[in-house]
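Each remark here refers to the structure printed beneath this line.
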Amino acid sequence: MEKKLIYDIEDRPKFGQMLIFALQQVLAILAATIAVPTIIGLPTQIPAAVLGAGIGTLVYQVFTKFKSPVFLGSSFAFLSSLGVALAYGYCGIIFGSLIAALVYVAIALVIHFVGTAWVDKLMPTVIIGPTVALIGLSLAGSAMGDIVRANSSQMYSSYNLVSLLCGLVAFFVIVICATQKRVRMARLIPFVLGIASGYVVAAVFTFIGMATSNDYLMIINFRPLIDNFVAADGSFKGFSAFINYPSFALIEAVKELFTGNMSAEILAANENAGMINLSGVVEIVIAFLPVAMVVFAEHIADHKNLSSVIGRDLIKEPGLSKTLMGDGVGSFAGTVFGICPNTTYGESVGCVAITKNASIATITTAAIMCIGLSFVSPIMALLQTIPSCVMGGVCLTLYGFIAVSGLKMFKNVDLENNKNLFVVASILISGIGGLSIQIPYAIAETGEITGVITITSIATALIIGIVTNVVLTKIEKGKLGKEPEDKNKNEKL
């Protein structure tokens with residue numbers, strides 16, 4: 001029987017190897033981590049997002065006693081909430097992250113004193129399994145959209161066959177390296193080799209495209225590298241082209257408080273942004289509180305999935321209260337010294353599972369590496385040039401693994417039982433269908449809705465699954481829908 005893990009949690013690879021393993025973790029979480037600041041309109045804060053991911057992960061590791069091998073990165077669940085917070089600048093972002101962190105800490109304290117029995121009852125395997133599967137399946141569209149898209153060509157951004165080739169090169173190198181038996185090192189770093197192979201192929205096509213003035217072949221956008229060294233007036237940027245500090249949220253928030261003005265980045269993302277006030281505090285609480293409550297369930301799903309990968313129950317040791325506390329405080333630290341709230345990453349779990357490397361030393365090194373790399377301008381610029389199609393090929397393996405892991409979780413659930421069947425169906429269909437809950441919180445005098453809090457499709461599917469399970473369990477136990485007893489039965493007899 002094949003060993004479950006090559007490197008267990010306590011194992012420490014050789015230093016040189018560990019650096020490569022750590023880089024692989026960084027590459028696995030990179031695309032999603034840098035995507036969040038870009039989506040919310042703060043692309044200049046990508047180095048801060050990487051810095052925050054590293055700091056958040058270290059904080060999480062401290063709270064979990066270095067027993068949970070997972071990386072924290074920018075959370076997509078709070079995208080809608082961050083849109084609300086942006087109206088109040090970096091102070092709004094930090095305050096929103098604080099609200100989310102306090103929710104996690106409050107739930108962690110409840111679990112510490114009450115225990116986890118209620119959690120297991122509320123979210124059994126029949127709910128957690130399809131939810132984990134849904135996390136992978138719901139990301140499939142994003143990965144497949146990336147795998148056919150070139151970074152540099154707007155004209156052909158919808159579909160590019162050469163991009164698909166580059167993405168498939170990355171994919172096949174990863175799966176071949178991860179499954180072959182001859183070269184142990186290749187099994188441990190399939191993502192590094194896959195990304196490198198895809199990048200080389202994309203670079204060859206890009207140079208051919210440049211030489212022939214063919215936009216279709218220009219897969220890589222080297223603009224981030226050029227902009228790193230050359231200023232807008234064409235002059236060399238000097239020392240900052242090599243070493244520069246990320247302008248993380250705390251620094252920018254202090255500037256806002258002292259100057260009373262919004263930064264250019266915030267105004268570019270929201271031209272109506274202003275200083276936070278009482279009305280803003282209420283808006284941000286409404287925006288972050290319900291999302292944080294729901295993300296708690298996703299936290300459980302991630303950790304049960306990771307538990308199945310490493311063969312240890314993280315809900316019991318280090319304990320759900322500690323993982324929640326680490327996630328909450330780590331997320332807040334990642335925002336203060338970064339730019340946005342963090343969360344445990346399915347990409348990181350997938351990387352651990354495929355490489356069979358659960359070494360905490362590797363995760364910790366990856367976190368330190370992120371902190372260091374965020375100050376090295378050329379490296380940050382180079383990482384931004386990795387084509388979307390190559391990362392799409394990587395995500396084809398990572399998201400696929402997450403989906404299959406979830407399916408494996410409920411393989412022993414009796415789906416002949418209609419209750420279980422409906423619970424699983426409600427989660428998968430509503431989630432894959434993209435059903436979300438949109439809560440209006442601001443309405444203009446004309447009746448037009450001007451502000452909406454969106455609960456993601458995964459969170460919505462989870463809520464529907466929990467409610468469905470609770471209702472059907474009560475019916476099954478006879479608490480609801482019980483046939484009324486015939487009072488005249490005895491008299492007839």
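Under the 4.5 Å side-chain criterion, counting only non-hydrogen atoms from C-beta, I339 is in contact with L42. A heavy-atom distance below 4.5 Å is found between the side chains of V394 and F191. Annotation: side chain of P341 is not in contact with side chain of F332 (no heavy-atom distance under 4.5 Å). Between I46 and T38, some side-chain heavy-atom pair lies under the 4.5 Å cut-off. Contact annotation: the side chain of V70 never approaches that of I363 to less than 4.5 Å [non-hydrogen atoms, C-beta and beyond]. By the 4.5 Å heavy-atom criterion applied to side chains, V230 and D227 are not counted as neighbours. At a threshold of 4.5 Å between non-hydrogen side-chain atoms, the residues L109 and M325 count as touching. Residues L27 and L383 are in side-chain contact: their nearest non-hydrogen atoms beyond the backbone lie under 4.5 Å apart.
Between A301 and T131 the shortest heavy-atom distance is CB-CG2, 4.3 Å. For the pair S263 and E252, the tightest heavy-atom approach, listed with the atom from each and the gap, is CB-OE1, 4.1 Å. What you find for Q180 and A186 is that their closest heavy atoms are NE2-CB, 3.5 Å. Nearest approach of G54 to C370, heavy atoms of both residues: CA-CB, 4.0 Å. Heavy atoms only, all atoms of each residue included: F401 and G350 are closest at CD2-CA, 3.6 Å. Closest approach of A358 to L5, counting heavy atoms only: CB-CD1, 3.9 Å.
Residues S97 and T335 have side chains that bring a donor and an acceptor to within less than 3.5 angstrom of each other. Checked by atom type, the side-chain pair T385/Y199 shows a donor-acceptor distance below 3.5 Å. No side-chain N or O of Y104 forms a donor-acceptor pair with one of S331 less than 3.5 Å apart. Counting only N and O atoms by type, the side chains of H299 and T323 include a donor and acceptor under 3.5 Å apart. N342 and S75 form no side-chain donor-acceptor contact under 3.5 Å, judged by distance and modelled atom types alone.
Screening residues 74-97 for ring pair (Phe, Tyr, Trp, His ring centres under 6.0 Å), with sequence neighbours left out, gives F78-F288.
Tested against I93 for a side-chain contact (heavy atoms from CB on, under 4.5 Å), the candidates I284, V336, L82 yield a single pass: L82. With T344 as the partner, the side chain to side chain donor-acceptor pair (under 3.5 Å) test is satisfied by one option alone out of D302, N305, T57: D302.
In K237, the NZ atom is crowded: over 12 heavy atoms of neighbouring residues, nucleotides or ligands sit closer than 6.0 Å. The number of heavy-atom neighbours closer than 6.0 Å to CD1 of I243, taken from other residues, nucleotides and ligands shown, is above 12. Within a 6.0 Å radius of CZ in F239, no more than 12 heavy atoms belonging to other residues, nucleotides or ligands are found. Other residues, nucleotides and ligands place more than 12 heavy atoms under 6.0 Å from the CZ atom of F66.
By the salt bridge (charged side-chain N to carboxylate O under 4.0 Å, His left out) test, E347 is found to be paired with no residue, residues two or more places apart in sequence or in another chain being considered.
In this structure, S81 contributes its side chain and A287 its backbone to a donor-acceptor pair below 3.5 Å. Between the side chain of S457 and the main chain of G434, no donor-acceptor pair closer than 3.5 Å is present. In this structure, the side chain of S307 engages the main chain of R312 through a donor-acceptor pair within 3.5 Å. Counting only distance, with no hydrogens or angles, the side chain of Q25 and the backbone of A366 share no donor-acceptor pair below 3.5 Å. T355 places a side-chain N or O within 3.5 Å of a backbone atom of C351 that can act as its donor or acceptor partner. The backbone N or O of V173 lies less than 3.5 Å from no partner atom in the side chain of S197, so there is not a single donor-acceptor pair. Formation of a donor-acceptor pair under 3.5 Å by the N214 side chain with backbone atoms of Y216 is found in this model. Q61 places no side-chain N or O within 3.5 Å of a backbone atom of G326 that could act as its donor or acceptor partner. Within the 3.5 Å criterion, the main-chain N or O of D11 finds a donor-acceptor partner in the side chain of S359. Of the possible polar contacts, one joining the E256 side chain to the C91 backbone as a donor-acceptor pair under 3.5 Å is found.
In this structure, the separation between CD1 on I189 and CD1 on I20 is 5.0 Å, given to the nearest 0.5 Å. Atom-to-atom distance recorded for N160:CG and C389:SG is 7.5 Å, nearest 0.5 angstrom. Put simply, CG on L30 and CD1 on I195 are 8.0 Å apart, with the number rounded to the nearest 0.5 Å. Atom OG of S68 sits about 11.0 Å away from atom CD of E317, to the nearest 0.5 Å. Atom OG of residue S374 and atom CE of residue M380 lie 7.0 Å apart, to the nearest 0.5 angstrom. Taking OG from S348 and CG from L306, the interatomic distance works out to 8.0 Å, rounded to the nearest 0.5 Å.
In this pair, Y60 and H303 present their aromatic rings tilted. The plane angle is within the 30 to 60° band.
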Go through the steps for T206 and L217 under the test side-chain contact (heavy atoms from CB on, under 4.5 Å), then give the verdict.
CA-CA 5 Å; T206 300; L217 299 179; over 6 Å; no
For M369 and L23: C-alpha separation, side-chain torsions, deciding distance, then whether side-chain contact (heavy atoms from CB on, under 4.5 Å) applies.
CA-CA 8 Å; M369 187 176 289; L23 176 62; 4.0 Å; yes
Hey, mind stepping through L161 and L165 against side-chain contact (heavy atoms from CB on, under 4.5 Å) and telling me if it holds?
CA-CA 6 Å; L161 191 60; L165 173 62; over 6 Å; no
Might you work through the side-chain contact (heavy atoms from CB on, under 4.5 Å) test for V59 and V329, ending with a clear yes or no?
CA-CA 7 Å; V59 171; V329 178; 3.8 Å; yes
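A salt bridge is absent between K65 and E10; no separation between the charged side-chain nitrogens and carboxylate oxygens falls under 4.0 Å.
Aromatic pair Y345/F71: ring centres not closer than 6.0 Å.
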